[in-house]
*Asks:* 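This structure is in structure tokens; I'll ask about it shortly.
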Amino acid sequence: MPDTNVLDVKNLSVSYSTPRGDLKALRNVSMAIGQKKIVGIVGESGCGKSTLISAIIRLMANNATVHSGEILFHNSNLLDFKEREMRALRGIDISMVFQDPMQTHNPVLTIGQQMIDIQYRDKLSKSKKRQRAAEMLSLVGIPDAQARLNQYPYEFSGGMRQRIAIAMALMAKPDLLIADEPTTALDATLEVQIIKRLEELQEEIGCSILFISHHLGVIAELCDEVVVMYAGEVVEQGSVRDVFHSPAHPYTAALLKCDPGHIKEKTRNLPTIPGEIPDLVDVPAGCIFQDRCSRKVPQCQVKRPLFEAVNEQHSVACHLNNKNADDSDHKEARG
Amino acid sequence: MSTLLEVEDVFVRFGVRNKSLFGSRLSIDAVSGVSLSIEAGKTYGIVGESGSGKTTLAQAVAGLHHASEGSIRYGDQELRGLPEAEFRPLRSEIVMMFQDPIGSLSPRLNIRALITEPFRIQGMKGKDLDAEANRLLKMVGLPAEFANRYPYQISGGQARRVGVARALALEPKLLIADEPTAGLDVSIQGEMLNLLARLQDELGLAIMIITHNLNVVRHITDKVGIMYLGKLVEEGPTEEVFANPQHPYTLALLAANPEPDPDAKLMRVELNGEPPSILRRPTGCEFHNRCPFVHSSCSTDIPKWTKAESGSFHRCHTPKIWENSGN
């Protein structure tokens, strides 16, 4: 099983040095993406989603330090790669789609020029590259692709620009596509269009996708698996069906309850999760979610829960999962 | 209920230069004949895709763009064409809350200075600004010591609260909130919307909210207007529009809203093609080239703004056609 994963993040810890001290942005984060799988990450702002992505593509802020862990991409540790090797990987084996389609493209170059430029590593003639660009554009559903190549970004709508960004990211048929909230700037009809297109392309190209979104509805619809992060830790991971239908972590359960999409009756008093994310400069002992948890037990204050299986495809870091907590103290940590 | 704001047939026009150097000047109507009214103390939601003119409309109401035609009446005062000097005092009554929470706060001012800036701009010298800062922080649920912090020291959700405090400092009657929850996770989004609802009840505030999150619109607005290419295509009481959409675009929007349930049975309405450019507006009904229920006269006849039995207004020749067409 383990070698079939495209990406395997193991016990990754990253911190940022700040004037107040080290901010422990990721602590022992483990997650995996299987071949041809779409994995979603959810969690509130500040939970470490962006740090995780920037660690995977090795584009981290200057004040970030990786303290431990591995990021295995096809079984080789990206953290050991030289910058030159990383550069050969980015955009070819791992590529990215960013949040804001309006600012992704260079406004003073035609779309065609930009799509030819990003093929700079291929030894093809310019007309061949242009041909490929046109093919990619039609693949993401942009009609009249040849003529459209001569247009500038402002001549395209937001939804089209995001699809062009996807076309560019998929140009080299990467093994892993990282999409960071690619639909937040779009209306519901375009959001659905992008999701459908991503599903089709994933099928066609056979890549895996790591998809970050606040929108639980989008995650439910698109992803095979979901990783729930809270304050720099993975608290739950499993198939979307397991996690959405029987969330095992109180944070996941609370997050799902907060989604106004779940609330059928009109209300002016929406559910929230009271409290704030703990200070990650001074990480409290015990469970990271204890201060905001409605089902806290005494153990939560002293002991960090292990990440353990609920069933084969579903794991959680919560003492409540552990029916006979006392016996399990000496069980092995997560492998 | 009394009408606070009455927008009537408003156009906002921008000039654009043709591609060639000596090309004729073209103009585009970013907002093209919008009429709506907002009652005191109520919430009006505007929904539509990016580029549909939502923000331009809001900025025209807030006096940040000039409306080229039509009328924007606030109480018994006409706002269109009002010189800046006469508009300024009104900015304490009509306030705008911008989209980007951190970006809209000056990084060089601390929170106290930021939330009391409106008093200084409006020249209210007699106020005890420290006391005002404390009152405002308390109102939006932030601790008093936040007054000394700078924008980079607070989270995105907290920055939005500061934005609310700043907008409500002068006790306005109309708050225009442009995407107040974009990019927030659901829990903080809930906090933000509850805060707005509470303050609305306490202060009797009318709110115009711009968003593309339909779940937000459904819970917090009284009335909703659906915008497409700078025009309203449907408007009505929120519950009516959600339960009983008249226009195919509204139907498609509602059907596209992804459900947070992996097993949800989805009924999607596929739109044809791409959103057209407002430089080349389609003839007839401007939605006809994307409409799944298009028929021959749609491309030639312009549909009128019509009142439906449900009380909503729409701009469609054949409202609710999907109910008789067998699919």
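Throughout, protein chains are lettered first and strands after them, A, B, ... in sequence-line order, and every chain is numbered starting at 1. No hydrogens, no waters, no symmetry mates; every other heavy atom, side chains included, goes into these values.
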*Asks:* Is K266(A) reaching over with its side chain to a backbone N or O of T221(B), donor-acceptor style, under 3.5 angstrom?
*Replies:* yes
*Asks:* If every non-hydrogen atom of F244(A) is compared with every non-hydrogen atom of P260(B), which pair is closest and at what distance?
*Replies:*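 Looks like CD2-O, 3.4 Å.
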*Asks:* For atom CD of E312(A), decide whether the heavy atoms of other residues, nucleotides or ligands shown that lie under 6.0 angstrom number more than 12.
*Replies:*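 Not more than 12 within 6.0 Å, no.
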*Asks:* Taking everything shown except E270(B) itself, do over 12 heavy atoms lie less than 6.0 Å from its CD?
*Replies:* no
*Asks:* Heavy-atom cut-off 4.5 Å, strictly under: side chain, backbone, both or neither for I188(B) against chain A?
*Replies:*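 For I188(B), side-chain heavy atoms alone lie under 4.5 Å from chain A.
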*Asks:* If you count the non-hydrogen atoms of other residues, nucleotides and ligands that lie under 6.0 Å from NZ in K196(A), is the total more than 12?
*Replies:*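 Open: at most 12 neighbouring heavy atoms sit under 6.0 Å from NZ of K196(A).
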*Asks:* Pick from K257(A), E191(A), R163(A): which one has the most heavy-atom pairs with chain B under 4.5 Å?
*Replies:* R163(A)
*Asks:* Going by heavy atoms in the side chains, are H245(A) and D261(B) under 4.5 Å from each other?
*Replies:* yes
*Asks:* With chain B as the partner, which of D259(A), I142(A), V240(A) has the greatest number of non-hydrogen pairs under 4.5 Å?
*Replies:* D259(A)
*Asks:* So what's closer than 4.5 Å to chain B heavy atoms on R292(A): side chain, backbone, both or neither?
*Replies:*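 The answer is the side chain of R292(A).
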*Asks:* Heavy-atom pairs under 4.5 Å with chain A - which of E259(B), R198(B), Q158(B) has more of them than the others?
*Replies:*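 So the answer, after comparing E259(B), R198(B), Q158(B), is E259(B).
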*Asks:* May I ask you to check whether over 12 heavy atoms, not counting those of Q200(B), lie within 6.0 Å of atom CD?
*Replies:*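 Yes, the 6.0 Å shell around CD holds more than 12 heavy atoms from other groups.
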*Asks:* Side chains of H214(A) and V186(B): closer than 4.5 Å at any heavy-atom pair?
*Replies:*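 Heavy-atom side-chain distance check fails, nothing below 4.5 Å.
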*Asks:* Keeping S187(B) on the side-chain end and I273(A) on the backbone end, is there a donor-acceptor pair under 3.5 Å?
*Replies:* yes
*Asks:* Relative to chain B, which segment of I263(A) carries a heavy atom at a distance below 4.5 Å: side chain, backbone, both, or neither?
*Replies:* both
*Asks:* Look at R268(B) together with E221(A) and state whether they make a salt bridge at an N to O cut-off of under 4.0 Å.
*Replies:* yes
*Asks:* Mark yes when over 12 heavy atoms from residues, nucleotides or ligands other than K24(A) sit less than 6.0 Å from its NZ; otherwise mark no.
*Replies:*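 Yes, the 6.0 Å shell around NZ holds more than 12 heavy atoms from other groups.
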*Asks:* Roughly how far, to the nearest 0.5 Å, is CG of L195(B) from OG1 of T272(A)?
*Replies:* 11.5 Å
*Asks:* Measure distances from A252(B) to the heavy atoms of chain A and classify the residue's part below 4.5 Å as side chain, backbone, both or neither.
*Replies:* both
*Asks:* Side chain, backbone, both or neither: which part of Y249(B) has a heavy atom under 4.5 Å from chain A?
*Replies:*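 Only the side chain of Y249(B) comes within 4.5 Å of chain A.
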*Asks:* Is it true that E265(A) and R218(B) make a salt bridge, defined as a side-chain N closer than 4.0 Å to a carboxylate O?
*Replies:* no
*Asks:* Hey, which of D201(B), T43(B), T211(B), L254(B) has the most heavy atom pairs under 4.5 Å with chain A?
*Replies:*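 The answer is D201(B).
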*Asks:* Kindly indicate whether the side chain of P260(A), heavy atoms from C-beta on, has any atom under 4.5 Å from the side chain of Q189(B).
*Replies:*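 Heavy-atom side-chain distance check passes, below 4.5 Å.
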*Asks:* Quick one: pull up CG in L270(A) and CG in N194(B) and give me the separation to the nearest 0.5 Å.
*Replies:*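 Here the interatomic distance stands at 5.0 Å.
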*Asks:* Does H219(B) use its side chain to pair, donor to acceptor, with the backbone of R268(A) at less than 3.5 Å?
*Replies:* no
